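As the structure is a prediction and not an experimental result, all values here were calculated from the model.
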Amino acid sequence: MDDNKIIDMYWERDEGAIAASEAKYGRYCYAIAYRILALTEDASECVNDTWLGAWNSMPPHRPQILQTFLGRITRNLSLNVLRGRAADKRGGGETAASFDELEACIPDTAAIDAHLEAEELAKSLDVFLAGIGQEERRFFVCRYWYFDSIADIAKRYGCGESKVKMSLKRTRDRLKKHLEKEGILV
């Protein structure tokens with residue numbers, strides 16, 4: 001089914017929108033949740049909560065790209081679940097490792113609020129990502145948005161793990177310089 005039709009169904013409060021979303025994007029959303037949470041039950045629950053989040057968001061919000069909109073809801077819900085169980089350290093190694101790698105580049109939420117709005121950080125990241133090469137951007141997004149392992153990224157793009165690691169390190173270093181130049185990092 002066409003995304004615009006699904007969005008129209010949400011706006012018309014047609015419950016078929018949930019079934020259509022699940023049929024078209026259920027596996028995509030589940031993959032995002034599972035990579036973050038590493039537990040089938042929690043990932044499935046986040047995906048189910050995604051449909052509720054979409055239902056509650058439309059209207060008034062009308063997403064430009066439904067897949068991205070649903071993926072973002074799933075990701076945010078999954079990260080909230082992960083934070084909730086952080087004390088148990090059950091989140092899986094890749095998510096924690098990804099956050100550790102980015103820690104030196106991106107300040108925590110309190111520091112962001114003290115210096116500028118989160119939207120400005122997002123805009124700065126968009127500018128940065130638009131200015132790097134396609135391969136670097138793919139590696140970066142796979143690692144820090146989808147929380148893919150280094151091995152999975154290397155396998156997906158047919159290269160060695162060392163290449164992925166080096167690319168990510170160089171990209172993080174460039175990101176840190178970019179954020180310092182923008183005044184986000186001091």
**Fill in**
All heavy atoms of Pro63 vs all of Ile7, minimum pair found to be O-CD1, 3.6 Å
**Request:** For side chain to side chain contact (heavy atoms under 4.5 Å, CB included), just list the numbers for Glu180 and Leu175, CA-CA rounded to whole Å, side-chain angles, deciding distance to a tenth of an Å, and then say yes or no.
**Result:** CA-CA 8 Å; Glu180 286 171 347; Leu175 174 60; over 6 Å; no
**Prompt:** Yes or no on side chain to side chain contact (heavy atoms under 4.5 Å, CB included) for Asp3 and Tyr25, after CA distance, side-chain angles and deciding distance?
**Reply:** CA-CA 10 Å; Asp3 285 358; Tyr25 295 114; 2.7 Å; yes
**Asked** Does a donor on one side chain and an acceptor on the other come within less than 3.5 Å for Tyr34 and Ser44?
**Response** no
**Prompt:** Which is it for Glu136 and Arg170 under the salt bridge (Lys or Arg N to Asp or Glu O under 4.0 Å) test, yes or no, and what are the steps along the way?
**Reply:** CA-CA 9 Å; Glu136 294 169 299; Arg170 289 179 180 151; over 6 Å; no
**Message:** Between Phe128 and Glu182, is there a side-chain heavy-atom distance shorter than 4.5 Å?
**Reply:** no
**Request:** Looking only at non-hydrogen atoms, find the nearest pair between Cys29 and Thr74 and report the distance.
**Result:** O-CG2, 3.2 Å
**Asked** By ring-ring contact (aromatic ring centres under 6.0 Å, His included), which residues pair with Tyr157, not counting sequence neighbours?
**Response** Phe139
**Flag, side chain of Arg75 to backbone of Trp145, donor-acceptor distance under 3.5 Å** = yes
**Message:** Pair Lys24, Asp2 - check salt bridge (Lys or Arg N to Asp or Glu O under 4.0 Å), show working.
**Reply:** CA-CA 9 Å; Lys24 188 164 185 182; Asp2 179 63; 5.8 Å; no
**Request:** With sequence neighbours excluded, tell me which residues meet side-chain contact (heavy atoms from CB on, under 4.5 Å) with Asp49.
**Result:** Glu45, Leu77
**Item:** Side chain His178, main chain Asp173, donor-acceptor under 3.5 Å
**Value:** no
**Prompt:** Salt bridge check: are Asp148 and Arg138 linked by an N-O gap of less than 4.0 Å?
**Reply:** no
**Request:** Indicate whether the side chain of Arg35 and that of Tyr30 have a donor and an acceptor atom separated by less than 3.5 Å.
**Result:** no
**side chain to side chain contact (heavy atoms under 4.5 Å, CB included) between Val81 and Ser78, intermediate numbers included** = CA-CA 5 Å; Val81 169; Ser78 300; 5.7 Å; no
